[in-house]
2 protein chains.
Amino acid sequence: MKLTSKGRYAVMALVDLARFDNINPVSLRDISLRQGISLDYLEQIFSKLRKKEIVQSVRGTQGGYILNKKAKEIKLINIFEAVDEKVKTVQCKKESKKGCNGKAVKCLTHNLWDELENHINDFFDKKSLEDLVKDNSVRRV
Amino acid sequence: MKLTSKGRYAVMALVDLARFDNINPVSLRDISLRQGISLDYLEQIFSKLRKKEIVQSVRGTQGGYILNKKAKEIKLINIFEAVDEKVKTVQCKKESKKGCNGKAVKCLTHNLWDELENHINDFFDKKSLEDLVKDNSVRRV
DNA sequence: ATAAACCTGACTAAAATAGTCAAGTATCTT
DNA sequence: AAGATACTTGACTATTTTAGTCAGGTTTAT
């Protein structure tokens with residue numbers, strides 16, 4: 001099990017974004033330079049974040065992105081969902097040979113993965129972007 | 001983020017194994033049939049489990065595998081570690097351009113992944129094979 | 001006008017995953 | 001002793017996912 005870069009980059013970029021006043025848009029180019037993430041890849045990521053209304057775009061010169069909600073209201077779970085980084089622990093096939101269809105007959109460990117999923121989602125549900133920004137400014141002191 | 005089949009299969013197979021008296025060895029063939037996991041793949045997995053002393057092998061006819069410890073003492077974390085399924089959330093490169101080397105300069109979200117890792121490992125650390133076996137027999141009633 | 005910056009979709013190299021395949025070795029049963 | 005069962009090991013491979021790149025736009029401030 002591992003977290004992919006896409007999810008990590010999304011969070012990194014948003015923390016970077018959130019650290020600036022969300023009155024002036026921040027350009028992806030700046031984030032790219034500061035965080036060392038490919039600009040093209042950032043664009044893919046932000047396209048998804050925009051569709052899920054986590055950020056707002058400002059086109060044209062001096063444009064960029066701003067947060068669409070308060071940092072406190074943006075939870076990690078929202079970010080991960082936006083970039084398709086799901087915590088999927090079970091993949092019991094639809095055309096299940098061995099009968100694990102999530103309903104009547106469950107595989108021996110079905111409940112376990114459900115529990116795990118909840119456990120992880122709990123974490124992502126509680127953590128907000130604001131928490132991360134604060135965490136960084138505290139460490140900076 | 002997702003759990004891979006290898007880890008899931010390892011747990012499924014061990015729960016299956018643990019449900020039988022661990023006096024009579026259980027053959028991989030039986031597990032393969034019951035759980036619908038390829039025999040060849042199971043062999044790879046059990047080879048690793050044996051090296052980490054989670055199971056013991058009994059060769060020859062009527063052979064198979066038995067648990068090497070009490071089900072209560074086998075934690076999920078041991079199983080995942082044995083089959084190389086690590087919870088690796090951060091992959092800050094050694095030759096880091098942007099300075100996240102895990103020491104002096106951390107990337108904006110380094111602490112977050114550490115926390116997450118601990119959170120997940122906690123779960124795996126508390127859950128034993130016995131818990132899973134019990135969980136199944138309860139549901140069976 | 002023109003440059004900065006967003007926007008979109010298609011493409012691709014590399015890695016990981018989920019196995020398969022082949023050729024053993026050990027041990028129990030008869 | 002022979003045969004069957006079952007563990008043991010290592011190499012191989014198709015598929016999928018990941019982590020991007022690339023090309024060609026559109027929008028808007030100056």
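What's counted below: heavy atoms across the whole structure, side chains too, no hydrogens, waters or symmetry copies. Residue numbers start from 1 in every chain, and the chains themselves are labelled A, B, ... in the order their sequence lines are given, proteins ahead of strands.
If you take OH on B:Y65 and CG on B:L28, they are separated by 5.0 Å, rounding to the nearest 0.5 Å. Atoms CG and CD, on B:L108 and A:Q35 in that order, are 5.0 Å from each other to the nearest 0.5 Å. A distance of 10.0 Å separates CD in B:Q56 from CG in B:L67, rounded to the nearest 0.5 Å.
Applying the 4.0 Å criterion to OP1 and OP2 of C:dA4, one finds that A:S27 has every side-chain N and O outside that range. Close to C:dA18, at under 4.0 Å from its OP1 or OP2, lies no side-chain N or O of B:S38. One finds no side-chain N or O of A:Y9 lying less than 4.0 angstrom from the OP1 or OP2 phosphate oxygen of D:dT18. A sub-4.0 Å separation between OP1 or OP2 of D:dT18 and a side-chain N or O of A:S5 is absent.
Residues from residues 39-48 of chain B placing a heavy atom under 4.0 Å of any atom in DNA chain C, listed by number, are B:D40, B:Y41, B:Q44. Listed by residue number, the members of residues 50-64 of chain A with any heavy atom below 4.0 angstrom from DNA chain C are A:R50, A:S57, A:V58, A:R59, A:G60, A:T61, A:Q62, A:G63, A:G64.
In this structure a side-chain-to-backbone donor-acceptor pair under 3.5 Å is present from A:S32 to A:I37. Within the 3.5 Å criterion, the main-chain N or O of A:H119 finds a donor-acceptor partner in the side chain of B:H119.
Distance A:L33 CG to C:dA4 P: 13 Å, rounded to the nearest Å. Between the CZ atom of A:R8 and the C1' atom of D:dT18 there is a distance of 11 Å, given to the nearest Å. At whole-Å resolution of the value, OH in A:Y65 and P in C:dA4 are 18 Å apart. In this entry the distance linking NZ of B:K6 with C1' of C:dA16 reads 10 Å, nearest Å.
What you find for B:K48 and B:A82 is that their closest heavy atoms are CB-O, 3.5 Å. Across every non-hydrogen atom of B:N78 and B:E73, the tightest pair is OD1-O, 3.9 Å.
Of the candidates D:dC7, C:dA18, C:dA5, C:dA5 carries the atom nearest the A:R29 side chain, counting heavy atoms from C-beta on.
Looking at residues two or more places apart in sequence or on another chain, you find no salt bridge (charged side-chain N to carboxylate O under 4.0 Å, His left out) involving A:E53.
Side-chain contact of B:R8 with B:S5: a donor-acceptor pair under 3.5 Å is present, judged by distance alone.
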